[in-house]
There are 2 protein chains.
Amino acid sequence: MNVVKKLRNFNLRPTKQRILLAKQILDGKNKHFTAETIQKEVLSNGQSISLATIYNCLNKFVSVGLLKQIDQQGEVTIFDTNVSHHHHFLNQNTGELIDIDPHEIGFSKLPKIPNGFESDGVEVLIKIKE
Amino acid sequence: MNVVKKLRNFNLRPTKQRILLAKQILDGKNKHFTAETIQKEVLSNGQSISLATIYNCLNKFVSVGLLKQIDQQGEVTIFDTNVSHHHHFLNQNTGELIDIDPHEIGFSKLPKIPNGFESDGVEVLIKIKE
DNA sequence: TCAACAGGTTAGAATAATTCTAAACTAGAT
DNA sequence: ATCTAGTTTAGAATTATTCTAACCTGTTGA
Ligand SMILES: [Mn+2]
Ligand SMILES: [Mn+2]
Ligand SMILES: [Zn+2]
Ligand SMILES: [Zn+2]
């Protein structure tokens with residue numbers, strides 16, 4: 001079981017629930033999802049897991065770097081399986097996020113970071129509409 | 001009363017509450033604030049206004065373009081009196097936003113907008129920490 | 001001028017995403 | 001097999017925001 005190994009690599013006990021979630025979301029494909037949508041997927045798969053556990057697990061996954069958390073527009077937190085540095089299109093009609101490879105964006109000018117601070121990442125959001 | 005004129009310009013009835021808020025936030029200085037922080041300011045000024053009204057007014061102000069709404073990190077909505085196109089530093093230590101003039105950022109490369117869509121704005125967020 | 005009404009305000013209830021509580025369970029070590 | 005720290009869970013709590021529905025007020029035009 002590959003997923004168990006991955007969890008162990010991140011010092012996470014491979015519990016039934018974490019394995020279930022990891023199989024669901026860490027399958028190599030990049031996804032954006034919410035806690036609720038994941039629960040629906042799991043339930044419609046005939047399996048079950050509490051929402052509290054999903055939040056516990058997803059937050060844990062984020063804290064070890066298995067997921068990224070994206071807070072944006074409105075009130076639901078979106079999780080992102082693409083933990084490498086990248087940017088997003090935001091489809092304003094649907095709320096859907098689409099990854100943008102960092103190589104597709106180049107800067108010719110950037111502001112100086114305020115004194116006493118250091119940069120902790122630059123995120124570009126390109127809002128699009130039909 | 002300048003504020004009344006401004007409200008009228010935006011087809012907003014200059015009610016007591018809107019005038020109070022407009023004086024508080026549309027004083028020419030660029031600010032980022034939440035509904036709660038505005039209420040605290042108003043109350044500590046000896047005046048009073050309900051939170052529902054603050055939300056009603058701020059949302060109205062946003063819908064006519066007097067304010068911008070910024071949803072970011074967590075659950076409180078931040079309003080921005082700078083309605084012109086600009087970017088932000090996000091102080092990760094405090095959650096504070098700092099405006100970045102669009103002239104301070106230049107792009108040497110941007111991705112092509114997906115077919116059937118058009119760009120509706122590019123927002124850069126530079127996360128900083130001490 | 002002022003009645004009429006569309007639009008605005010408000011307290012408090014409702015909603016909804018997320019976190020907390022505290023009791024039951026389990027993975028992994030010895 | 002036993003122990004323990006870590007995990008899961010149902011349901012309660014929290015909290016930002018919106019809704020409800022009754023009351024109020026700015027504006028207008030007779
Ligand atoms: Mn909102
Ligand atoms: Mn959160
Ligand atoms: Zn992404
Ligand atoms: Zn700003």
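Per chain, numbering begins at 1; letters A, B, ... match sequence-line order. Everything numeric here is computed off the predicted structure, so don't read it as measured data.
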Parallel, tilted or perpendicular: ring planes of His88(B) versus His32(B), cut at 30 and 60 degrees: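 Rings of His88(B) and His32(B): perpendicular, as their planes differ by over 60°.
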Between N or O atoms, less than 3.5 Å apart, protein on one side and nucleotides 28-30 of chain C on the other: list the pairs.
{"from": "dG28(C)", "atom 1": "OP1", "to": "Arg8(A)", "atom 2": "NE", "distance (Å)": "3.4"}
{"from": "dG28(C)", "atom 1": "OP1", "to": "Arg8(A)", "atom 2": "NH2", "distance (Å)": "2.6"}
{"from": "dG28(C)", "atom 1": "OP2", "to": "Arg8(A)", "atom 2": "NH2", "distance (Å)": "3.1"}

Gap separating the SG atom of Cys57(A) from the CD1 atom of Ile49(A), nearest 0.5 angstrom: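 Here the rounded value is 5.5 Å.
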Point-to-point distance, once rounded to the nearest 0.5 Å, from CG of Leu97(A) to CD1 of Ile70(A):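 So the gap between those two atoms works out to 5.5 Å.
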Between atom [atom1] in [X] and atom [atom2] in [N], what is the gap in whole Å?
X        : N       : atom1 : atom2 : result
Ile49(A) : dC25(C) : CD1   : P     : 17 Å
Lys5(B)  : dG26(D) : NZ    : P     : 19 Å
Leu7(A)  : dT7(D)  : CG    : P     : 11 Å
Gln17(A) : dT7(D)  : CD    : P     : 11 Å
Glu36(A) : dT18(C) : CD    : P     : 8 Å
Phe79(B) : dA16(D) : CZ    : P     : 13 Å

Contact check, side chains of Ile38(B) and Phe79(B), non-hydrogen atoms, under 4.5 Å: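 They are not in side-chain contact.
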Side-chain touch Ile78(B)/Asp80(B), heavy atoms, less than 4.5 angstrom: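 No, side chains not in contact.
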Nearest-nucleotide pick for Ala52(B), side chain only, options being dC19(D), dA10(D), dT9(C):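 In terms of side-chain proximity for Ala52(B), the closest of dC19(D), dA10(D), dT9(C) is dC19(D).
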Thr77(A), nearest nucleotide to its side chain (from dT18(C), dA16(D), dT9(C)):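 Of all the options, the side chain of Thr77(A) is nearest to dT18(C).
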What contact category does [X] fall into here, base, sugar-phosphate, or nothing, at under 4.0 angstrom with non-hydrogen atoms?
X        : result
Lys60(B) : sugar-phosphate
Thr53(A) : base
Asn56(B) : base

Ser50(B) vs Arg18(B), nearer the 5' end of DNA chain C by closest nucleotide: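 The residue closer to the strand's 5' end, by nearest nucleotide, is Arg18(B).
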Check residues 7-21 of chain B and write down every donor-acceptor pair under 3.5 Å in which the side-chain atom is one partner and the other belongs to a residue at least two apart or another chain.
{"from": "Thr15(B)", "atom 1": "OG1", "to": "Arg18(B)", "atom 2": "N", "distance (Å)": "3.3"}
{"from": "Arg18(B)", "atom 1": "NH1", "to": "Arg13(B)", "atom 2": "O", "distance (Å)": "3.1"}

Nearest non-hydrogen partners of Ser119(A) and Ile113(A), listed with the distance: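 Shortest heavy-atom contact: CB-CD1, 3.8 Å.
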Side-chain N,O (Thr34(B)) to OP1/OP2 (dA16(D)) below 4.0 Å: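 Answer is no, no contact under 4.0 Å.
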N/O (side chain, Tyr55(A)) to phosphate O (OP1/OP2, dT18(C)) under 4.0 Å: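 True: Tyr55(A) side-chain N/O within range (under 4.0 Å) of dT18(C) OP1/OP2.
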